[in-house]
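Chain letters run A, B, ... following the sequence lines, proteins first and then strands; every chain starts at 1.
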Protein chains: 2
Amino acid sequence: MPSAAKAPTAESNRSSLSQVCRLLGFPGDTAAPRGEPHFLHRRVKPGHRLVSQGEPVEALYVVSEGHFKTFVADETGHQLVLGFPTRGDLVGADALFEQRHASYSVALTEADVVVIPFKALAGLGHGTGEFEPLLYRAISREIVADHSLRSLTSTLGAEARVARFLANFAERCGSRDAPATHVTLPMTRQEIGSYLGLTLETVSRAFSALAEAGLVDVAQRELDILDPEALRVLQKVHGSADTNRAPGRRTAPAPVAATRPIRRNVTWVDMLGAAA
Amino acid sequence: MPSAAKAPTAESNRSSLSQVCRLLGFPGDTAAPRGEPHFLHRRVKPGHRLVSQGEPVEALYVVSEGHFKTFVADETGHQLVLGFPTRGDLVGADALFEQRHASYSVALTEADVVVIPFKALAGLGHGTGEFEPLLYRAISREIVADHSLRSLTSTLGAEARVARFLANFAERCGSRDAPATHVTLPMTRQEIGSYLGLTLETVSRAFSALAEAGLVDVAQRELDILDPEALRVLQKVHGSADTNRAPGRRTAPAPVAATRPIRRNVTWVDMLGAAA
DNA sequence: CGACATTTTGACGCTGGTCAATATTGGTGG
DNA sequence: CCACCAATATTGACCAGCGTCAAAATGTCG
């Protein structure tokens with residue numbers, strides 16, 4: 001992987017507030033670029049933990065480079081993958097409640113994070129008042145992403161989940177509105193499965209199916225996105241017998257536009273009834 | 001339901017900061033109970049929306065009385081239930097990102113909420129600096145609860161999910177360490193199913209099964225908890241991918257320091273361990 | 001009382017989990 | 001340098017949990 005082979009150390013060991021803002025994806029919020037505090041960085045080697053479940057919180061982190069996986073481990077040792085934070089993502093937000101981390105975060109690749117000392121938040125450093133709204137937004141985004149994932153897993157089938165995951169991941173890898181055509185997956189099939197609520201075998205099968213459908217080209221950890229649009233739209237591939245029906249053309253089938261004229265009394269029901 | 005039939009208006013139309021703290025479950029954090037600002041309340045009738053998806057955020061809310069359901073609706077009108085906020089829960093945290101609500105919240109019963117004006121947050125009212133950490137904690141708790149739910153749905157089978165849900169719900173209904181033995185479910189089977197990632201039929205069947213097992217006594221919306229402990233412990237485990245085979249090493253006390261030479265991808269396997 | 005929403009119960013079948021065997025990669029030791 | 005081994009990935013066969021379709025019972029509201 002010739003990714004960050006360039007100038008790894010030169011990238012920075014400290015970032016200004018406005019840099020962190022941009023990193024988080026809030027370019028507009030940079031208001032006071034003056035003598036604002038600079039945040040230190042911290043490097044994490046692959047396989048090393050950034051935070052551990054139960055550990056008292058010392059800081060929050062914003063990923064600057066590399067990939068992580070965050071997961072919880074129940075008493076029996078089983079683990080559930082909660083996400084794969086990468087550049088621009090906040091790590092450790094679940095620790096603000098109870099001042100203890102509620103999950104593990106380990107680096108999957110060589111990684112670099114911006115350290116946001118907990119003091120800067122709890123110590124009510126009003127000098128840093130500029131980035132409090134920023135934190136709110138970042139944490140809130142965690143929640144939104146979480147809900148989005150729940151929606152994904154409870155709505156789509158296995159193949160569609162994997163497809164969306166790949167599209168999403170590739171999108172987040174390509175740094176600036178560059179969907180990224182080729183990526184090296186930093187996580188195992190099992191981790192993907194845990195994240196999506198599937199088993200590793202099902203993930204593997206989904207990969208094969210997507211490859212056979214011509215949407216991607218996957219070999220082990222190497223992934224080529226051939227049809228990003230189809231990946232994102234896909235609802236079902238489900239081709240065991242008639243996979244090659246229309247080669248080259250694969251668009252989503254017409255969805256059900258069932259908006260039944262349900263009438264009940266009050267306002268909320270309009271959307272309540274539609275369920276199914 | 002003769003619940004809040006008593007003195008509905010008398011309960012309060014404004015709350016002090018410390019009262020909100022207690023309501024949120026952070027009794028210790030009440031620091032400046034002096035001339036602190038008082039927050040107005042707002043009543044919501046069953047079936048009425050507290051917030052709507054896409055709507056610009058005007059305030060956050062803390063439920064004081066009653067039950068809500070929060071859900072997202074995709075383009076086709078299908079809805080996914082995200083939670084059933086009740087007394088002490090924060091509503092609207094997902095709106096801090098992008099200043100627009102990312103979900104609907106409708107009252108399932110007669111309800112009463114504390115209104116926390118958005119201004120009090122964005123306007124960086126440092127006069128209210130006391131409750132900023134509080135908000136952080138409350139929002140963070142949302143995330144933790146979310147993860148907990150994901151863990152639940154991806155590890156347990158249908159019956160176990162429903163069992164845990166009922167135990168959980170009854171627990172949250174009984175106000176003070178009172179597990180609550182009888183509750184009136186404010187939501188439909190379908191809503192429960194959406195919340196747990198099941199269909200309404202499966203939920204209904206699970207209810208019947210739990211009743212037949214003598215754990216609960218359920219008739220329509222009326223629910224009696226007969227064996228709270230069994231409900232919480234019940235595990236029909238059917239899902240999880242990893243089976244812990246390696247009986248030897250379970251604890252991964254390996255500190256953040258370099259444990260061993262990292263070959264490509266390994267080393268964190270100590271806790272990934274047993275994974276397969 | 002009649003229409004509709006919600007719930008219950010049954011039968012059937014598909015998706016995806018489980019078990020199992022093999023292939024491939026990459027690191028280690030002789 | 002090559003054989004060996006562990007971890008990961010792929011693929012197949014089997015089957016069961018739960019979604020789907022369907023119908024009937026019960027409750028609710030106008």
Side-chain angles (χ1 to χ4, degrees), chain A residues 47 153-162 184-194 196-212 218-223 235-241 256 260-266 268-269 272-276, chain B residues 1 46-47 153-162 184-194 196-212 218-223 236-243 245-246 260-270 272-276:
Chain A
T153 57
S154 65
T155 309
L156 303 178
E159 288 181 10
R161 286 185 226 178
V162 175
T184 302
L185 297 175
M187 73 294 280
T188 70
R189 302 287 191 265
Q190 178 155 229
E191 287 159 348
I192 297 175
S194 175
L196 295 176
L198 302 169
T199 61
L200 71 166
E201 295 97 325
T202 301
V203 173
S204 182
R205 270 183 260 268
F207 272 50
S208 301
L210 293 174
E212 194 170 350
V218 53
Q220 303 297 130
R221 299 282 181 95
E222 302 304 318
L223 176 74
Q235 311 263 23
K236 274 211 175 203
V237 166
H238 203 308
S240 20
V256 280
R260 310 186 53 232
I262 11 88
R263 43 122 167 240
R264 260 153 80 188
N265 354 12
V266 222
W268 58 322
V269 187
L272 226 185
Chain B
M1 56 174 84
T153 58
S154 66
T155 35
L156 302 180
E159 288 182 15
R161 284 186 226 177
V162 174
T184 301
L185 296 174
M187 73 294 279
T188 70
R189 303 286 192 264
Q190 178 154 227
E191 286 159 348
I192 296 176
S194 175
L196 295 176
L198 302 168
T199 61
L200 72 164
E201 296 97 324
T202 301
V203 173
S204 181
R205 270 184 259 267
F207 272 54
S208 301
L210 293 174
E212 194 169 350
V218 53
Q220 302 298 132
R221 299 281 181 97
E222 302 303 319
L223 177 75
K236 202 72 168 310
V237 232
H238 120 280
S240 190
D242 7 353
T243 37
R245 289 221 61 109
R260 46 171 68 178
I262 316 109
R263 47 166 202 249
R264 189 63 174 168
N265 264 348
V266 217
T267 301
W268 60 78
V269 182
D270 343 347
L272 222 187

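A sub-4.0 Å separation between OP1 or OP2 of dG27(D) and a side-chain N or O of Arg221(B) is absent. An OP1 or OP2 oxygen of dT10(D) is reached within less than 4.0 angstrom by no side-chain nitrogen or oxygen of Ser208(A). Note on Arg189(A): every side-chain N or O is 4.0 Å or more away from OP1 and OP2 of dT8(D).
Leu200(A) has its CG atom 12 Å from the C1' atom of dT11(D), to the nearest Å. For Leu223(A) and dT10(D), the CG to P distance is 11 Å, given to the nearest whole Å. With rounding to whole Å, Met187(B) atom CE is found 11 Å from dT7(C) atom P. Ile192(A) places its CD1 atom 10 Å from the P atom of dT10(D), with the value rounded to the nearest Å. One atom, CD of Glu159(A), and another, P of dG17(C), lie 12 Å apart when rounded to the nearest Å. The interatomic distance linking Leu185(A) (CG) with dT8(D) (P) rounds to 14 Å, in whole Å. Look at CD on Glu222(A): it is 17 Å from P on dT24(C), rounded to the nearest Å. Summarising the geometry, the separation between CG on Leu156(A) and P on dG19(D) is reported as 15 Å, rounded to the nearest angstrom.
Under the side-chain contact (heavy atoms from CB on, under 4.5 Å) criterion, Ser204(B) pairs with no residue, sequence neighbours left out. Applying the side-chain contact (heavy atoms from CB on, under 4.5 Å) test to Ala211(B) and every residue at least two apart in sequence or in another chain returns Val216(B), Val218(B). Considering only residues two or more places apart in sequence or on other chains, Thr199(B) meets the side-chain contact (heavy atoms from CB on, under 4.5 Å) condition with Glu201(B), Thr202(B). For Gln220(A), the side-chain contact (heavy atoms from CB on, under 4.5 Å) test picks out no residue, with sequence neighbours left out.
Side-chain proximity of Leu198(A) to dT8(C), dG17(C), dT25(C): nearest is dG17(C). When distances are taken from the side chain of Gln220(A) to each of dG17(C), dT7(C), dA9(D), the shortest belongs to dA9(D). In this structure, the nucleotide among dT20(D), dG16(C), dA9(D) sitting nearest to the side chain of Ala158(A) is dG16(C). Each of dT7(C), dT8(D), dG16(C) was ranked by its minimum atom distance to the side chain of Thr202(A); first place goes to dG16(C).
At least one side-chain heavy atom of Val162(A) sits under 4.5 Å from a side-chain heavy atom of Leu196(A).
When the options Thr155(A), Ile192(A), Val203(A), Leu198(A) are evaluated for a side chain to side chain contact (heavy atoms under 4.5 Å, CB included) with Arg161(A), the one that passes is Leu198(A).
Using a distance-only test at 3.5 Å, with no hydrogens or angles considered, no donor-acceptor pair links the side chain of Glu222(B) to the main chain of Ala219(B).
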Quick test: give all pairs of protein nitrogen or oxygen and nucleotides 13-16 of chain D nitrogen or oxygen below 3.5 Å, distance rounded to 0.1 Å.
| unit_1 | atom_1 | unit_2 | atom_2 | d |
| --- | --- | --- | --- | --- |
| dA13(D) | N6 | Arg205(A) | NH2 | 3.4 |

Below 3.5 Å between N/O atoms, which protein atoms pair up with nucleotides 22-24 of chain D? Just atom names and distances, please.
none

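Between the CZ atom of Arg189(A) and the CZ atom of Arg221(A) there is a distance of 7.0 Å, given to the nearest 0.5 Å. A distance of 5.5 Å separates CD in Gln190(B) from CG in Leu200(B), rounded to the nearest 0.5 Å.
Across all strands, Gly197(B) comes closer than 4.0 Å only to sugar-phosphate atoms, never to a base (heavy-atom distances).
The shortest non-hydrogen separation linking Glu191(A) to Thr188(A) is OE1-N, 2.8 Å.
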